[in-house]
Amino acid sequence: MFDNWREKIRRFAGKRMGKVALLGASVVACVIPLAGCGTAGANGGGKSNTIVIGGKNFTEQDIMADMLADLIQKDTNLKVVKKRWLDSNVLWNAEKNGDVDVYVEYTGTGLVNILHDPVNTDPDKVYQTVKQQFEQKYHITWLNPIGFQNTYAMAMTQKEAKQLGITTVSQMAAKSKNLVLGTEQDFISRSDGLSAMNKVYGTDFKSVKSMEIGLKYKALVSGDVDVIDAFSTDGNIPANHLVLLKDDKHLFPPYYACPIIRDSVLKAHPELKTVLNKLSGKITDEDMQKLNEQVDLDHKNAADVAKTWLEQNGLL
């Protein structure tokens with residue numbers, strides 16, 4: 001329901017910032033076609049001593065793939081292959097078919113896009129549902145949540161939000177007749193975007209300005225618009241001193257990040273559960289914002305950013 005839209009936006013934003021060049025920047029890069037790389041999947045059932053780590057096509061996923069790889073390389077004798085910047089559907093099929101062993105998935109994506117279950121806004125129930133259903137249907141294990149969630153959010157500058165006394169989407173909605181929304185066309189046209197917010201919160205903006213994704217933050221900071229739609233872990237949030245409004249009516253589903261790994265790989269290498277769960281509860285939304293900011297805005301290498309964070313937090 002949401003994920004293809006989310007990752008279309010992420011992919012577009014990444015290309016604007018030149019991040020597609022990172023496609024070949026992994027320790028060991030292996031690109032489509034996915035099979036035939038001498039991987040655990042290609043050798044059947046996870047019996048190989050090579051673990052294939054996947055990543056979707058946006059910066060956050062690049063960083064997380066590097067973190068998983070660094071932990072495995074430090075704490076085991078296993079080799080690692082990274083396959084990054086893959087379309088969400090391509091990556092899921094690769095995991096399901098055994099060409100990728102582990103990657104970071106989001107609970108909302110698992111619930112709605114893969115299981116095709118109705119949206120549920122209870123984070124614990126969503127996690128338990130995907131954990132149980134993936135095990136039963138796909139023989140894939142959801143490990144512990146990493147801590148952050150990359151969900152949808154409405155953003156304002158701290159200055160304007162404070163002046164207007166706005167901390168929640170409900171408060172924004174109450175004053176929306178005097179506010180200008182800046183957003184990309186997808187959010188306007190989709191039934192699960194602006195129209196859903198209008199229905200749930202009763203928003204009725206003074207005007208809605210459609211603009212390219214890369215211009216939203218500039219328009220917000222310059223005062224051309226008063227509020228924009230954003231992702232909760234965007235690096236532009238701390239960089240531009242923005243505030244995310246609380247989704248107090250729970251319009252947007254939870255998107256908590258968790259490593260998912262094929263059961264056959266865990267059976268062959270049970271130590272991976274302990275190794276990868278070292279990230280459990282360690283990275284907050286604010287931490288992930290700053291990590292994304294370092295790559296997207298400060299132009300640091302994702303592998304270096306991941307390694308530094310792990311070292312600073314005593315995991316390497």
Side-chain angles (χ1 to χ4, degrees), residues 7 10-11 13-14 17-31 39 50-86 88 91 95 100-106 143-150 231-239 255-261 265 269 271-316:
E7 294 184 12
R10 285 292 199 185
R11 181 167 64 252
M17 291 180 284
K19 293 296 179 286
V20 172
L22 290 174
L23 182 62
S26 56
V27 172
V28 183
C30 200
V31 296
T39 67
T50 298
I51 302 300
V52 184
I53 298 173
K56 302 186 186 187
N57 47 9
F58 52 93
T59 298
E60 179 171 295
Q61 285 273 314
D62 216 25
I63 295 170
M64 294 314 304
D66 283 316
M67 285 194 184
L68 300 186
D70 285 345
L71 289 174
I72 292 172
Q73 289 173 322
K74 174 185 179 293
D75 293 335
T76 75
N77 293 320
L78 299 170
K79 297 179 181 179
V80 170
V81 170
K82 302 177 206 171
K83 298 179 180 178
R84 344 184 188 216
W85 290 88
L86 300 178
S88 181
L91 179 55
E95 174 90 3
V100 166
D101 298 317
V102 58
Y103 75 95
V104 171
E105 187 55 277
Y106 303 93
L143 299 179
N144 294 344
I146 296 169
F148 71 91
Q149 69 159 330
N150 186 355
F231 296 111
S232 58
T233 57
D234 279 353
N236 273 290
I237 294 167
Y255 279 90
Y256 282 93
C258 309
I260 65 171
I261 185 167
V265 178
H269 307 289
E271 68 274 18
L272 287 175
K273 183 175 183 179
T274 299
V275 170
L276 297 179
N277 272 339
K278 287 186 175 183
L279 288 174
S280 176
K282 291 291 195 302
I283 304 179
T284 65
D285 290 5
E286 292 75 18
D287 291 335
M288 200 67 240
Q289 290 171 5
K290 293 175 182 177
L291 294 172
N292 284 328
E293 179 186 8
Q294 290 179 52
V295 177
D296 286 339
L297 302 176
D298 298 338
H299 308 295
K300 294 182 180 179
N301 183 273
D304 294 336
V305 169
K307 182 178 181 180
T308 298
W309 186 90
L310 290 172
E311 290 174 341
Q312 289 175 342
N313 287 270
L315 297 179
L316 277 188

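When reading the values below, keep in mind they use all heavy atoms of this one structure, side chains included, and skip hydrogens, waters and symmetry mates.
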Distance-only, no hydrogens or angles: does the Gln61 side chain make a donor-acceptor pair with backbone N or O of Arg84 under 3.5 Å?
no
Rounded to the nearest 0.5 angstrom, the NZ-CG distance for Lys278 and Asn313 is 13.0 Å
Output for pair (Lys290 NZ, Glu286 CD), nearest 0.5 Å, gives 7.5 Å
Scanning both residues in full, the closest heavy-atom pair of Tyr103 with Lys56 reads CE1-CE, 3.9 Å
One should read off an interatomic distance between Gln73 CD and Leu68 CG, to the nearest 0.5 angstrom, of 11.0 Å
Counting N and O atoms only, with roles assigned by atom type, does the side chain of Asp287 sit under 3.5 Å from a partner on the main chain of Thr284, one being a donor and the other an acceptor?
yes
- Query: Side chains of Met288 and Asn150: closer than 4.5 Å at any heavy-atom pair?
  - Reply: no
Got a donor-acceptor contact below 3.5 angstrom from the Asp285 side chain to the Thr233 backbone? no
Rounded to the nearest 0.5 Å, the OG1 atom of Thr50 sits from the CG atom of Leu78 at a distance of 8.0 Å
Less than 4.5 Å apart, side chain to side chain, heavy atoms only: is that true for Leu71 and Leu279?
yes
Taking Ala303's backbone N and O only, do any of them form a donor-acceptor pair with Asn301's side chain (distance below 3.5 Å, no angle check)? yes
Heavy-atom closest pair (Leu291 atom, Ile63 atom, distance to 0.1 Å) is O-CD1, 3.6 Å
Item to complete: Evaluate the side-chain proximity of Met64 to Ile283: yes if any heavy-atom separation is below 4.5 Å, no if none is.
Response: yes
Practice problem: Begin from the C-alpha positions of Val102 and Val265 and carry the test side-chain contact (heavy atoms from CB on, under 4.5 Å) through to its verdict. | Solution: CA-CA 9 Å; Val102 58; Val265 178; over 6 Å; no
| query | Tell me, do Val305 and Asp298 make a side-chain contact under 4.5 Å, heavy atoms counted? | reply | no
Worksheet item: Has the side chain of Gln289 got a donor or acceptor atom that lies under 3.5 Å from a matching backbone atom of Ser232?
Response: yes
Side chains of Lys74 and Asp70 in contact at under 4.5 Å (non-hydrogen atoms): no
Kindly indicate, with the supporting measurements, whether the criterion side-chain contact (heavy atoms from CB on, under 4.5 Å) is fulfilled by Asp234 and Asn292. CA-CA 7 Å; Asp234 279 353; Asn292 284 328; 5.9 Å; no
Heavy atoms, side chains only, cut-off 4.5 Å: are Ile72 and Leu276 in contact?
yes
Taking every heavy atom of Asp62 against every heavy atom of Ala302, the minimum-distance pair comes out as OD2-CB, 3.7 Å
For Glu95 and Asp101, the nearest pair of non-hydrogen atoms, with its separation, is OE2-O, 3.1 Å
| query | Would Glu271 and Asp75 count as a side-chain contact (heavy atoms from CB on, under 4.5 Å) if you check the C-alpha gap in whole Å, the side-chain angles of each, and the deciding distance to 0.1 Å? | reply | CA-CA 9 Å; Glu271 68 274 18; Asp75 293 335; over 6 Å; no
CD of Glu60 to CG of Asp296, rounded to nearest 0.5 Å, is 10.0 Å
_Once you measure the plane-to-plane angle for Phe148 and Tyr106, does it fall in the parallel (<30°), tilted (30-60°) or perpendicular (>60°) bin?_
perpendicular
Between the CD atom in Glu105 and the OH atom in Tyr255, the distance rounded to the nearest 0.5 Å is 10.0 Å
Phe231/Ile237 under side-chain contact (heavy atoms from CB on, under 4.5 Å): CA gap, chis, key distance, verdict: CA-CA 9 Å; Phe231 296 111; Ile237 294 167; over 6 Å; no
Nearest heavy-atom approach of Lys307 to Leu316 is CG-CD1, 3.7 Å
Heavy atoms of Pro145 and Cys258 approach each other most closely as CA-SG, 3.5 Å
Given 3.5 Å as the limit, does a donor-acceptor pair link the side chain of Asn144 with the main chain of Asn277, or not? no
